[in-house]
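Structure record follows, encoded as structure tokens.
Note that the structure is a prediction, hence the values are computed from the model and not measured. Only heavy atoms go into these numbers, but all of them, side chains included; no hydrogens, no water, no symmetry mates. Per chain, numbering begins at 1; letters A, B, ... match sequence-line order.
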There are 2 protein chains.
Amino acid sequence: MLVNWRIIGSMETMNHKPDYEKELRDAGIRITRPRRVILDILSGTEDHPDAMEIFRRAVSVDSSISLSTVYRTMKLLEERGAIHRHAFNGGPSRFEQASGVHHDHLIDIETGDVVEFRSDRIEKLQEEIARSLGYDIVHHRLELYGRKRKKA
Amino acid sequence: MLVNWRIIGSMETMNHKPDYEKELRDAGIRITRPRRVILDILSGTEDHPDAMEIFRRAVSVDSSISLSTVYRTMKLLEERGAIHRHAFNGGPSRFEQASGVHHDHLIDIETGDVVEFRSDRIEKLQEEIARSLGYDIVHHRLELYGRKRKKA
DNA sequence: GCGCCAGTTGACAAGCATTTGCAAAATTTT
DNA sequence: AAAATTTTGCAAATGCTTGTCAACTGGCGC
């Protein structure tokens with residue numbers, strides 16, 4: 001059974017290093033044990049956890065990790081553009097790995113679930129509006145808050 | 001000169017009570033001295049001040065007003081829909097009087113200035129997107145962060 | 001106009017999310 | 001593997017906001 005664990009294990013437990021580790025290392029960021037744990041959590045999730053939730057998940061992997069380190073790592077990764085920070089509803093910051101394509105968010109006001117979407121037409125309109133106001137857009141934030149439609 | 005002061009004075013110093021006072025009173029909200037001061041500040045400004053800034057302006061009118069009261073009043077007015085709360089860039093909440101028409105915001109990342117705008121086409125697209133994802137929009141938040149375009 | 005009393009206030013403590021100071025521990029450099 | 005440097009865990013500190021509570025007051029009823 002020396003072979004099967006690789007197949008059975010999750011992506012995170014497999015021993016080929018994710019490419020983002022190399023990228024970060026090349027950017028002058030040390031890949032320490034706490035950071036690797038946090039990066040694995042972020043890359044292996046579909047949701048948008050906040051610092052406390054990341055901390056909880058991290059502790060279950062390595063109980064010595066501190067909340068401070070989670071916050072420090074989030075700030076570091078955000079500065080490097082590796083993750084995005086959101087404050088839906090003015091609540092605590094929630095994070096997501098910065099994947100290639102930009103997208104906006106639809107937040108279910110009943111469950112807190114987040115659905116990602118993207119609209120080139122809206123993006124285009126935003127550019128036009130900013131331009132007409134004499135500005136260049138550096139970034140933007142579009143959040144739709146809604147509830148799941150009952151029935152059809 | 002018993003006549004001219006009315007013309008020269010600002011809207012806030014003129015003695016006809018603003019109609020929003022009556023509206024709030026009818027909604028069961030007592031118009032106290034601190035609240036009147038705060039309401040006057042909100043109705044008389046074009047910008048989007050945060051609690052501390054409102055507090056500073058209020059104190060200059062009535063030095064006995066406390067910061068607690070500013071926060072309490074903002075929460076009250078927000079619940080009643082009389083004002084809107086924004087947390088641009090994840091910073092402290094900034095407030096604006098709820099005027100009739102909905103609008104979105106363009107924030108100057110260099111000065112913090114806020115420009116209001118409105119696009120029916122974007123609103124329409126948002127509805128379409130939410131609908132296609134199976135949701136009804138309850139509210140939304142669109143913030144453009146940009147910098148003033150140099151030259152033409 | 002005057003008193004009553006629930007609603008409101010100011011002062012200050014407490015709460016929550018996040019940041020920071022610091023000595024110890026881990027990592028990279030030499 | 002020792003030196004140089006960064007990162008960590010812990011605890012204390014911060015910034016914004018809400019809660020507590022005795023004192024005060026707006027607005028109705030007389």
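Ranking dG10(C), dG27(D), dT18(C) by closeness to the Thr69(B) side chain, first place goes to dG10(C). When each of dG10(C), dT18(C), dC16(D) is scored by its nearest atom to the side-chain atoms of Pro92(B), the top-ranked nucleotide is dC16(D).
A salt bridge links Arg33(B) to Asp62(B): at least one charged side-chain nitrogen sits closer than 4.0 Å to a carboxylate oxygen. Remark: Asp47(A) engages Arg57(A) in a salt bridge, criterion side-chain N to carboxylate O under 4.0 Å. Residues Glu128(A) and Arg131(A) are not paired through a salt bridge, judged by the lack of any N-O separation under 4.0 Å between the basic side chain and the carboxylate. A salt bridge is defined here as a Lys NZ or Arg NE, NH1 or NH2 lying under 4.0 Å from an Asp or Glu carboxylate O, and Arg121(B) with Glu123(B) fails to meet this definition.
OP1 or OP2 of dT20(C) has at least one side-chain nitrogen or oxygen of Lys75(A) nearer than 4.0 Å. Close to dT28(C), at under 4.0 Å from its OP1 or OP2, lies a side-chain N or O of Arg25(A). Between Thr32(A) and dT8(D) there is a side-chain polar atom (N or O) within less than 4.0 angstrom of OP1 or OP2. Of the side-chain N and O atoms in Tyr71(A), none sit less than 4.0 angstrom from OP1 or OP2 of dT19(C).
The interatomic distance linking Asp50(A) (CG) with dT19(C) (P) rounds to 13 Å, in whole Å. As rounded to whole Å, 16 Å separates atom C1' of dA6(C) from atom CD1 of Ile31(B). For Leu76(B) and dT17(D), the CG to P distance is 16 Å, given to the nearest whole Å. Whole-Å rounding puts the Ile65(A) CD1 to dG9(D) P distance at 7 Å. Rounded to a whole Å, the CZ atom of Arg30(B) is 6 Å from the P atom of dT8(C). Between the C1' atom of dG15(D) and the CZ atom of Phe55(B) lies a distance of 15 Å, rounded to the nearest Å. When the C1' atom of dT27(C) is taken as reference, atom CD1 of Ile29(A) falls 15 Å away, rounded to whole Å. One interatomic measurement links the two molecules: CD of Glu79(A) to P of dT18(C), which rounds to 15 Å at whole-angstrom precision.
Residue Arg36(B) places no side-chain atom within donor-acceptor reach of the base of dT9(C), judged by atom type and a 3.5 Å distance cut-off alone. If you check distances only, the side chain of Arg33(B) never reaches the base of dG10(C) with a donor-acceptor pair under 3.5 Å. Residue-to-nucleotide contacts include no donor-acceptor pair under 3.5 Å from the side chain of Ser93(B) to the base of dC16(D).
Residues Arg35(B) and Ser68(B) each lie close to DNA chain C; by heavy-atom proximity, the contact nearer the 5' end of the strand is made by Arg35(B). Residue Arg72(A) is the one, among Arg72(A) and Arg72(B), whose nearest nucleotide of DNA chain D lies closer to the 5' end (criterion: closest heavy atom).
With Tyr145(B) contributing its side chain and Asn89(B) its backbone, the two residues share a donor-acceptor pair below 3.5 Å.
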